[in-house]
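For reference, positions follow the sequence shown, starting with 1. Counting starts at 1 for both ligands and their atoms, following the listed order.
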Amino acid sequence: MTLYEAKKREKQIGISASFVHFDAFQEELDFEITFNVVVSNFSFHYDFGNDSTIKTAINNVSKHLVPGGFFLVTVPSASTIMTYKKDGKLKNKLFETSFMEKDSNGYIFKIIDTMELGCIEYFIDKKKLVETLKANKMQVVYTQNFFDFIISRASLDQTCEA
Ligand SMILES: C[S@@+](CC[C@H](N)C(=O)[O-])C[C@H]1O[C@@H](n2cnc3c(N)ncnc32)[C@H](O)[C@@H]1O
């Protein structure tokens, strides 16, 4: 998302937010503040291109969390994408996905009529994730498939409304 779009949404939603432009996977950040929760939606997987960017990304999160704080992350599901690949569902009129060379852990995702070249996305390497979290005194405490999460929330919300 561009800063322009973020500022537009800030006004639309009616909240007060601060925005900082940086490369969270290559720059060592220090905002001199810690948070109870750090959130990354469909962005964290981009650092899985190499070990250095994984380390920098997790270190940047870790140093901005209070002890016992939470890092909430959503990333594309490798197993869902591989199932779509097997079933020949890697494109429709809105998007297309193509795979890179055989041993690469990346694929190219393109939104039709919006992204001319598409962008490289990476699968999460769970072993490297756990190792790097551990090196930063962090651990995985909960994982859930995104669709299942949305469906479980939807049924909870319906229960609340009833
Ligand atoms: C698929 S978009 C998701 C945007 C938004 N979080 C959402 O859920 O709609 C991926 C986002 O990752 C961000 N991103 C990718 N690489 C980044 C990097 N090295 N440092 C900071 N942000 C990055 C992009 O700027 C983009 O906003």
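Protein heavy atom in closest approach to atom 13 (C) of ligand 1: S43 OG, 4.0 Å. Looking only at protein heavy atoms, the nearest one to atom 19 (N) of ligand 1 is D23 OD1, 2.7 Å. Ranking protein heavy atoms by distance to atom 4 (C) of ligand 1, first place goes to N41 O, 4.1 Å. Atom 25 (O) of ligand 1 has M1 N, 4.1 Å as its closest protein atom, hydrogens excluded (heavy atom only). Counting protein heavy atoms only, atom 20 (N) of ligand 1 is closest to A24 N, 2.9 Å.
Ring centroids of Y107 and Y122 are separated by 6.0 Å or more, keeping the two rings apart. For an aromatic pair to be called close, the ring centres must be under 6.0 Å apart, and F95 with F109 satisfies this.
The aromatic rings of F22 and F31 sit tilted, their planes meeting at an angle between 30° and 60°. A parallel orientation is assigned to the rings of F146 and F149, their planes being inclined by less than 30° (bins at 30° and 60°).
Checking atom 27 (O) of ligand 1 against the protein gives a heavy-atom contact under 4.0 Å. Using a 4.0 Å threshold on non-hydrogen atoms, atom 9 (O) of ligand 1 does not count as touching the protein. Distance check for atom 22 (N) of ligand 1: every protein heavy atom is found at 4.0 Å or beyond.
When atom types are taken as modelled, the side chain of T53 and the backbone of D47 share a donor-acceptor pair closer than 3.5 angstrom.
Contacts classified as salt bridge (Lys or Arg N to Asp or Glu O under 4.0 Å) and involving residues 49-74 (residues at least two apart or in different chains) are given here: E28-K63, D51-K128.
Between the choices F22, Y46, F25, F42, the shortest heavy-atom distance to atom 17 (C) of ligand 1 belongs to F25.
Look at K7 and E10 and you find no salt bridge, because none of the NZ, NE, NH1 or NH2 atoms lies under 4.0 Å from a carboxylate O.
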